[in-house]
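Below: the structure, in structure tokens.
Computation of the quantities below employed the complete heavy-atom set of this structure, encompassing side-chain atoms and omitting hydrogens, waters and symmetry-equivalent molecules. Residue numbering restarts at 1 for every chain, and letters A, B, ... go by the order of the sequence lines.
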Amino acid sequence: MKEYLYSLYKQAAKNLSYLNDISITFDVPKLESHGDLSSNAAMLLPKMLKRKPVEIAGEILSALQIDPDVIEKTEIAGPGFINFFFTKKFIAKIIMEVLSDEKGFGKTQKYAGKKANVEFVSANPTGPLTVGHGRNAVFGDTIANLLEWVGYDVDREYYFNNAGRQMRVLGDSVRLRYLELLDQKVEFPADYYQGEYIKEIARNLFDEFGEKLFDQPAEGIFKQRAESEIFKDIKRSLERLSIIHKIFYNENSLYEENKIKETIESFKSKGLAYDKDGATWLRLTELGNEQDKVIVKSTGEPTYRLPDIAYHVTKFNRGYDLMIDIFGSDHNATYPDVLAGLRALGYDSEKVKVLIHQFVTIMDGGEVVKMSTRKANYITLDQLVDEVGADVVRYFFNMRNITTHMNFDLYLAKKQSDENPVFYLQYAHARICSILKMIEKENLNASVENLSLLTANEEVQLLKKLHQFKDEVLLSAETFETHRICSYLEELAAAFHKFYTFCRILGTERKLAEARVALAKATKAVLKNGLTILGVNAPERM
RNA sequence: GCGCCCGUAGCUCAAUUGGAUAGAGCAACAGCCUUCUAAGCUGUAGGUUAGUGGUUCGAUUCCACUCGGGCGUACCA
């Protein structure tokens with residue numbers, strides 16, 4: 001529908017040059033009585049043209065060469081909206097478009113040829129993924145899906161660091177647990193990793209090596225084994241949610257490939273780094289940030305900022321047109337420094353999009369569950385998937401804007417799992433599958449020969465929803481908002497359920513019945529595509 | 001103190017990025033299956049969009065301040 005209007009406006013702009021001075025948009029009005037699409041163009045122009053909006057609207061409208069087979073009615077309404085009412089005949093044609101390419105319907109080529117990198121999860125392998133990581137993981141993977149749907153070639157990437165203090169403590173935690181198994185008296189520090197999984201790793205080492213490791217350092221086999229076992233678990237947890245990273249980028253390789261040094265040298269040669277109190281500082285005040293920050297500590301060890309900058313430089317050098325970083329809100333103070341650093345090195349930081357999601361507050365029966373990986377007080381992502389299933393987890397984390405401070409009540413999630421909106425969508429899909437099986441038995445087919453018979457209100461409403469899918473996908477991808485897809489699918493499913501309640505297939509005249517089957521089939525395809533973007537299954541039966 | 005995020009129906013959240021009368025799902029109440037999936041549909045009730053100002057044709061959306069909550073504010077990541 002929008003494409004048609006755009007072409008009309010483009011044509012009209014040849015005579016009305018002021019149409020080129022504003023960005024033309026069409027919105028679906030909230031009220032049906034305001035038409036199928038609405039343009040506010042005339043209200044954007046009064047100042048420039050020094051004329052009344054309603055008058056401008058009239059001029060625009062009369063310049064549009066409208067095909068009465070497509071648009072049956074137009075009006076100028078309210079303060080200057082131009083409203084368009086499409087013919088039912090035109091609206092019904094969407095079915096042909098959907099059925100001609102069921103799996104591809106909704107995809108666009110707008111960003112074809114562009115490369116994107118989505119970096120997400122990126123938790124260091126110090127323990128199992130928690131529910132908090134779940135939001136990051138699901139959102140990141142879904143953003144990657146969305147970008148693919150609008151044409152990007154996407155790499156999913158996981159950045160981690162197995163070199164720092166965190167990992168040393170991890171290795172030593174395992175070592176101490178191992179020594180406990182040898183009946184050694186050990187003081188297990190309170191700020192070490194308390195989780196049961198540490199004991200399991202120690203137990204595995206004991207089973208394999210017996211007492212041979214008693215004088216091994218923490219940084220050797222203890223750390224290595226901890227890292228590899230925990231990473232295995234992390235990958236398995238992600239796979240349960242159908243999340244697979246293509247690239248695991250280890251911070252270590254930045255040192256091995258001399259990227260850290262190169263980055264410092266670049267800053268120094270630009271006069272943006274200086275030494276003070278034995279440390280190296282980055283002149284961030286010169287780059288528009290609040291204060292200078294240390295990039296190399298007096299111990300000679302870089303702070304996270306330096307490798308983060310060097311890491312992003314590698315992304316630029318790897319040729320990405322769009323780089324997405326997904327962080328929890330606890331990292332919100334770090335990225336301005338990194339972006340400023342990149343700008344200083346001559347990179348276009350606009351290509352880096354940092355998406356910050358707020359924390360998930362876990363509740364259990366109304367009580368807040370406080371979480372900490374080190375204290376081993378957390379609910380793991382695995383536990384959550386065990387409790388409610390992968391589909392519910394994926395849907396739940398996708399259905400809310402990432403800016404919301406989301407509450408997740410485990411008690412309610414378990415209790416109300418049947419009433420979760422994801423089942424509403426899956427049910428609609430399963431219901432259609434069942435219809436399609438049924439019509440086979442009745443010797444009916446999906447037919448697009450008589451789509452103009454689809455004129456009942458419930459049919460038209462559903463058809464209009466199908467029209468919106470492509471726009472929703474594009475908008476969701478461009479705004480990096482997955483929850484729009486959920487809202488859209490809930491509306492689509494509702495429109496279908498209404499249609500199916502009022503419009504029967506059996507016992508209806510054959511031509512109409514077959515047109516309705518085609519409508520159901522098209523709806524099924526769009527539901528399936530939407531769920532695919534979200535990474536949620538579309539079951540054939542429930 | 002300062003920075004980022006948030007505050008919308010009893011609860012969980014939307015609102016086409018500044019649009020017309022703020023919408024869904026739960027929860028509550030009242031209805032709808034002897035034929036196609038009732039995990040569904042129909043209806044009722046529920047609001048000073050935290051508050052006060054401002055910007056303009058028009059504000060839940062933008063700006064300022066106030067109140068309340070989350071996360072940060074390191075030579076931790």
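No donor-acceptor contact under 3.5 angstrom links the side chains of A/Tyr488 and A/Ser476, judged on distance only. A donor atom on one side chain and an acceptor atom on the other are found under 3.5 Å apart for A/Tyr18 and A/Glu59. Between A/Tyr304 and A/Glu251, the side chains place no donor N or O within less than 3.5 Å of an acceptor N or O (distance only, hydrogens not considered). For A/Asp337 and A/Asn289, the side-chain atoms include at least one donor-acceptor pair closer than 3.5 Å.
The base of B/C4 is not paired with the side chain of A/Ser329 by any donor and acceptor separated by under 3.5 Å. A donor-acceptor contact under 3.5 angstrom links the side-chain atoms of A/His405 to the base of B/G69. At a cut-off of 3.5 angstrom, the base of B/C41 holds no donor-acceptor pair with the side chain of A/His497.
For B/U21 and B/U49, the P atoms lie 14 Å apart once the distance is rounded to whole Å. Between the P atoms of B/C71 and B/A59, the separation comes to 35 Å (whole Å).
Taking the centre of each ring, A/Tyr311 and A/Tyr249 come in below the 6.0 Å mark.
Within residues 462-473 of chain A, no residue has any heavy atom under 4.0 Å from RNA chain B.
A/Asp325 and A/Lys315 make their closest contact through OD1-NZ, 3.2 Å (heavy atoms, listed as atom of the first residue, atom of the second, distance).
Mapping A/Thr403 and A/Asn83 onto RNA chain B by nearest heavy atom places A/Thr403 at the nucleotide closer to the 5' end.
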>> Could you spell out the base pairing of RNA chain B as a dot-bracket line? Use Watson-Crick and G-U wobble contacts where both distances are under 3.5 Å, [ ] for crossing pairs, | for partners on a different strand.
In response: (((((((..((((.....[...)))).(((((.......))))).....(((((..]....))))))))))))....
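Ring geometry for A/Tyr158 versus A/Phe160: interplanar angle over 60°, hence perpendicular rather than tilted (30 to 60°).
Taking the 5.5 Å centre cut-off and the 30° plane limit, the aromatic side chain of A/Tyr427 is not classed as stacked on B/G40.
Between A/Lys297 and the phosphate of B/C76, there is a side-chain N or O to OP1/OP2 separation shorter than 4.0 Å.
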